[in-house]
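Read through the structure below, which is laid out as structure tokens, and then see the notes.
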Amino acid sequence: MSEGIESQFEQLAATTDVWEKIHILNSLATTLLPSDAQHALELSEQALQLVNPSEVKISSQQRDIAATLYCLSEANHHLSDYNAALSYAFEALSQFETLNDPQKQAEVLTTIANTYLHLSAYPDSLDYFLKALEIWETTACQEGQASALNHIGYLYTRLEEYNRALAYLEQSLGIAKEIENTKLQADILAHSANVYAALGNYESALQCGLESVHLYGESDDPLGKAQALTSIGLLYQTQGENTPALVYFQLALGIFQAMEAKHDAALVLAHIGEICALQEDQTDLALSQINQALTLAQEIGARQVGYKCYEILAKLHKRDGNIEQAFAHYEQFHTIKESVFNEKADQRLKHLEITHQVKNARKEAEIAHLRNIELEREIAERRRAEEALQASSAKTDALYQLVRTLASYDTLPTMLQAVAKTVASKLPASQAVLHTFDLEKKQVTHFVEGRSGVNHPYRPPFDHLMETTIGWAVSK
């Protein structure tokens with residue numbers, strides 16, 4: 001514990017003034033976030049218990065109440081209790097609006113936006129990030145602007161809109177460098193690493209990731225460092241280099257678990273499980289990691305992590321021949337993923353009463369663009385599902401017809417002729433030809449065709465056939 005924190009605890013023990021106690025408790029909680037969110041939460045709860053609204057006489061006391069509510073929101077957010085985080089944040093926002101404090105309003109709006117982001121409520125998240133950005137622009141706060149742009153860039157990364165994400169991140173990084181904010185630069189570079197990796201620019205991705213880890217070390221931010229380590233792990237995983245990926249994931253996981261960062265821990269566990277699932281001899285380990293991730297995701301309501309876990313489980317069980325379990329997990333994956341992209345409009349309406357109507361034209365354009373992305377994704381996903389079903393049905397029908405054909409003929413020539421016709425009728429081709437060989441005698445023993453477009457199809461001799469890809473296939 002630092003000397004500054006020890007000094008504040010001594011002041012807390014010495015004072016008998018309630019409002020001074022509340023002020024000190026708020027200061028301690030703010031200092032401890034996010035490194036010790038649980039302790040910060042306990043201190044903020046102590047402060048809230050001391051508050052008596054009837055004794056509020058001056059604005060500084062109301063400001064202390066608002067600060068307590070904001071600390072409670074931040075602590076619950078870091079501990080992944082998102083419902084509590086939202087509840088306290090909206091109370092804090094109301095207080096800061098009454099106090100006419102735009103900077104604090106923007107900070108609370110950012111917490112609300114981040115909470116919605118972790119709940120995969122993307123339109124709501126974007127709405128609040130843009131509200132915060134408007135305030136930072138109005139008050140000419142460059143640090144706030146850079147932070148908001150960074151968050152919006154990360155949001156578009158989650159939506160796999162990588163070029164759009166990169167535009168926001170580059171703008172954010174330019175401001176962060178101009179004001180020489182090391183911590184903010186590290187955040188932006190960690191997010192940029194993910195974007196470059198997704199775009200296939202692995203050299204830039206690794207450079208951003210390593211620089212981010214270095215800068216986090218300078219700013220003494222273990223949580224940020226763990227997120228940067230995760231970005232590097234994802235980079236290696238994307239390239240199929242699973243051994244270094246696991247090293248970085250394990251390093252990040254240790255930090256996330258120590259800091260009770262459940263959302264980040266769940267995501268890393270899912271990535272570890274995904275890598276283990278590639279090895280048949282690590283199935284038990286893969287299931288253990290994925291189930292831990294799924295339990296955490298369900299506990300905190302992180303639906304995007306949840307459907308990722310179900311997708312991995314579906315692939316794992318399909319590989320092992322557990323078709324029934326694979327199908328059940330795929331259904332859960334599809335249901336949760338669909339809920340992520342379909343519930344947002346209802347969530348926006350639910351919270352419309354306690355938020356300002358979006359009036360800024362840029363904000364409306366961003367939200368409209370976001371909804372178009374979601375609609376296009378849903379249409380594309382449904383189309384892929386329909387095409388896969390049709391293809392599967394066609395294959396099944398073709399196999400059934402072929403089996404019936406084989407069973408209905410007694411002699412080899414007539415059976416081969418029937419097979420050729422059946423195959424030709426099921427394939428998009430004008431002609432299907434079937435050869436059988438006697439390799440010892442070097443002869444073509446049977447030549448049959450189905451649905452020929454010519455009257456006298458060419459019948460190549462054995463030697464000519466062996467010089468083509470047919471000969472190569474026979475030799476293999």
Side-chain angles (χ1 to χ4, degrees), residues 33-34 37-38 40-41 44 69-70 72-93 108-129 151 154-155 157-160 223 226-227 230 253 256-257 259-274 289-314 328-352 354-355 370 374 377-378:
L33 282 169
Q38 184 59 48
L41 177 64
S44 297
L69 293 168
Y70 179 52
L72 284 165
S73 174
E74 279 283 280
N76 278 290
H77 173 83
H78 285 292
L79 292 170
S80 304
D81 189 344
Y82 299 129
N83 289 331
L86 285 174
S87 177
Y88 285 121
F90 283 119
E91 287 189 64
L93 182 61
V108 177
L109 287 167
T110 300
T111 297
I112 293 171
N114 269 320
T115 304
Y116 279 129
L117 181 63
H118 281 78
L119 290 169
S120 303
Y122 298 121
D124 290 300
S125 178
L126 179 61
D127 188 0
Y128 286 100
F129 278 140
H151 287 306
Y154 178 61
L155 183 150
T157 304
R158 291 274 292 266
L159 288 168
E160 299 178 7
L223 184 61
Q227 291 168 342
T230 302
L253 181 61
F256 289 142
Q257 289 177 331
M259 299 186 69
E260 299 186 64
K262 295 180 182 179
H263 185 279
D264 291 310
L267 187 59
V268 172
L269 282 166
H271 286 304
I272 293 173
E274 187 173 28
Q289 301 294 301
I290 297 167
N291 285 328
Q292 286 183 62
L294 187 57
T295 299
L296 283 175
Q298 291 171 338
E299 177 186 337
I300 64 178
R303 293 178 296 169
Q304 192 161 13
V305 179
Y307 75 65
K308 177 178 177 62
C309 290
Y310 281 121
E311 183 181 24
I312 299 169
L313 287 170
H329 288 311
Y330 177 77
E331 285 288 299
Q332 290 167 307
F333 154 72
H334 183 73
T335 299
I336 297 174
K337 186 173 183 180
E338 193 171 68
S339 76
V340 168
F341 290 99
N342 287 346
E343 289 181 3
K344 297 183 184 67
D346 291 338
Q347 290 171 351
R348 180 177 293 284
L349 291 173
K350 185 188 302 180
H351 297 294
L352 196 57
I354 50 178
T355 61
L370 182 57
E374 295 164 358
R377 283 187 171 197
E378 183 177 349

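Here the structure is a predicted model, which is why all the values come from computation and not from measurement. Heads up: numbering here begins at 1 and tracks the sequence.
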Quick check for you: to the nearest 0.5 Å, what is the distance between [X] atom [atom1] and [Y] atom [atom2]?
| X | Y | atom1 | atom2 | result |
| --- | --- | --- | --- | --- |
| K308 | L267 | NZ | CG | 7.0 Å |
| D124 | Y116 | CG | OH | 5.0 Å |
| F129 | L117 | CZ | CG | 5.5 Å |
| I112 | L93 | CD1 | CG | 5.0 Å |
| E91 | L72 | CD | CG | 9.0 Å |

Fill in the blank from the handout: For Y70, the ring-ring contact (aromatic ring centres under 6.0 Å, His included) test, sequence neighbours excluded, returns none

So which atom in [X] and which in [Y] form the shortest heavy-atom distance, rounded to 0.1 Å?
| X | Y | result |
| --- | --- | --- |
| A293 | A270 | CB-N, 3.7 Å |
| T111 | T115 | O-OG1, 2.8 Å |
| A75 | A37 | CB-O, 3.9 Å |
| F333 | Y307 | CD1-O, 3.1 Å |
| S73 | A85 | OG-O, 2.9 Å |
| S125 | A113 | OG-O, 2.9 Å |

Handout entry: Atom CG of N291 with >12 non-hydrogen neighbours under 6.0 angstrom
Key = yes

Problem - Sidechain-backbone polar pair: R303 side chain, L119 backbone, donor-acceptor under 3.5 Å - result: yes

Exercise for the section: Give the C-alpha distance, both sets of side-chain angles, the deciding distance and a yes or no for side chain to side chain contact (heavy atoms under 4.5 Å, CB included) between I300 and D81. Expected result: CA-CA 6 Å; I300 64 178; D81 189 344; over 6 Å; no

Practice task
Check the pair H329 / Q332 against side-chain hydrogen bond (donor to acceptor under 3.5 Å, both in side chains), numbers first and verdict last.
Solution key: CA-CA 5 Å; H329 288 311; Q332 290 167 307; 3.1 Å; yes

Problem - Side-chain donor-acceptor contact under 3.5 Å, E74 with H77 - result: no

Exercise for the section: Using distance alone, with no hydrogens and no angle criterion, decide if S80 and H263 have a side-chain donor and acceptor under 3.5 Å apart. Expected result: no

Handout entry: By salt bridge (charged side-chain N to carboxylate O under 4.0 Å, His left out) - contacts of E311 (at least two apart)
Key = K315

Problem - Trace of the side chain to side chain contact (heavy atoms under 4.5 Å, CB included) decision for I272 with L253 - result: CA-CA 10 Å; I272 293 173; L253 181 61; 4.0 Å; yes

